[in-house]
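Since the model is a prediction, treat every value here as computed from it, not as a measurement.
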Amino acid sequence: MHSDAMNPTNATATAPPALRVEGLGVRYGALVALDGVGWEVAPGELLGIIGPNGAGKSSCYDAVTAMVRRGGRVSLHGRDVTAVPPYGLAGLGLKRAFQQNAFFDDLSVLGNFVAVLGARAHAGLWSSVLNPVGAARRRGEAEDFAARQLVRFGIPALYHAMSPKEIPYGVQRMLSIALAYGAGASVLLLDEPAAGLGGEDMAALVALLSALKREGVALVVIEHHMELIMAVADRICVLDLGRQLAYGTPAEIQRDPRVREAYLGKAQ
């Protein structure tokens, strides 16, 4: 257990929000997938989003990252980014890892990370032609950076030359988070990062989330693994049938009879 996640005097509690959503709503025709949801997360804080299947958790992420048409307002570090497209949000530091692992299987683990670095790793066509030495140096520096980042995210060097499909599942989950983070993120959204994990892999995930929090990254995590989310979250948003059922600290959520009835009791 990580006491800093449960401590109401944590310095992150007074920090301005890294990400705030207000009145978030999503409709698919007559179906209301999300209705009036609002929450915020500060730098160095982890917000957990929980709820039964069909509660609207993934729709919430899609709405925040402009992957679907939605109502409401999204602010990033105090800036209204409601109209910013997904690729623009990533450029502003808001990044997302998806529930399913998605890799370039024809590239090595290291190659996958270099690929997400974009221009940092790859010189333009004319730059490569006119300055091949400089282009090669840029690529080499990117590979060195990628190798350090992979190790930082719990992926040892022995896996770097392998295809992602050849490495253990637990390492694949860490790779998904590393690729989403890339060269850096101020806000990172994770969709069920603990899915299929246990034992040492779960401990490694907890250590990584705690390290990212200490570095000031704002984390928003959808998770069904209740023991994990209660251990690492500073606050939790509970969704049910597209609406916000409860919002508070892990202790407050555990005591809320509506939550126990709608979700926690069913998870036992």
Side-chain angles (χ1 to χ4, degrees), residues 1-10 12-15 17-28 31-42 44-65 68 70-74 96-99 187-198 202 205-206 209-210 212-213 218-268:
M1 301 289 284
H2 299 270
S3 58
D4 63 327
M6 302 291 290
N7 186 353
T9 63
N10 192 326
T12 62
T14 60
L19 178 65
R20 172 182 286 158
V21 303
E22 302 169 87
L24 210 59
V26 175
R27 290 177 178 266
Y28 301 108
L31 173 65
V32 178
L34 209 63
D35 184 18
V37 171
W39 44 257
E40 63 183 45
V41 60
E45 185 178 55
L46 190 150
L47 173 72
I49 298 182
I50 67 173
N53 290 331
K57 301 184 297 297
S58 293
S59 291
C60 188
Y61 269 20
D62 289 341
V64 170
T65 54
V68 294
R70 68 343 191 190
R73 183 170 181 263
V74 180
R96 171 183 180 177
F98 290 85
Q99 185 175 350
V187 182
L188 187 59
L189 279 58
L190 305 178
D191 195 346
E192 296 192 37
L197 300 186
M202 184 68 76
L205 175 61
V206 170
L209 296 178
S210 299
L212 290 171
K213 285 176 59 177
L219 297 165
V220 185
V221 180
I222 289 176
E223 190 52 69
H224 283 295
H225 195 289
M226 299 309 303
E227 184 178 352
L228 170 69
I229 209 68
M230 290 297 173
V232 300
D234 296 279
R235 283 175 296 124
I236 295 172
C237 174
V238 186
L239 300 179
D240 189 32
L241 300 176
R243 292 176 172 81
Q244 191 163 306
L245 181 66
Y247 182 59
T249 66
E252 290 168 341
I253 295 302
Q254 286 177 315
R255 291 194 301 265
D256 193 312
R258 298 168 302 170
V259 175
R260 297 182 66 85
E261 179 181 355
Y263 183 71
L264 292 177
K266 296 178 183 179
Q268 302 304 320

For [X], all residues meeting salt bridge (Lys or Arg N to Asp or Glu O under 4.0 Å), sequence neighbours excluded:
X	value
Glu252	none
Asp191	none
Asp35	Arg243

**OP:** Please assess Lys213 against Asp234 for the test salt bridge (charged side-chain N to carboxylate O under 4.0 Å, His left out), listing each intermediate value before the final yes or no.
**Re:** CA-CA 10 Å; Lys213 285 176 59 177; Asp234 296 279; 3.1 Å; yes
Nearest-0.5 Å distance that lies between atom [atom1] in [X] and atom [atom2] in [Y]:
X	Y	atom1	atom2	value
His224	Lys57	NE2	NZ	4.0 Å
Ile50	Ile222	CD1	CD1	11.5 Å
Leu19	Leu47	CG	CG	9.0 Å
Cys60	Gln244	SG	CD	8.5 Å
Ile253	Arg260	CD1	CZ	12.0 Å
Arg70	Leu24	CZ	CG	7.0 Å

Original post:
What pairs with Ala194 under side chain to side chain contact (heavy atoms under 4.5 Å, CB included), at least two apart in sequence or on another chain?
Top reply: Met202, Leu205, Glu223, His225, Leu228
**OP:** List in chain and number order the residues that pass side-chain hydrogen bond (donor to acceptor under 3.5 Å, both in side chains) with Tyr247, two or more places apart in sequence or in another chain; answer none if no residue qualifies.
**Re:** Arg235
**OP:** Please identify each residue that fulfils side-chain hydrogen bond (donor to acceptor under 3.5 Å, both in side chains) with Arg96, with sequence neighbours left out.
**Re:** Asp62, Thr65
**OP:** For Leu34 and Gly56, work out which heavy atoms get closest and say how close.
**Re:** CD1-O, 3.5 Å
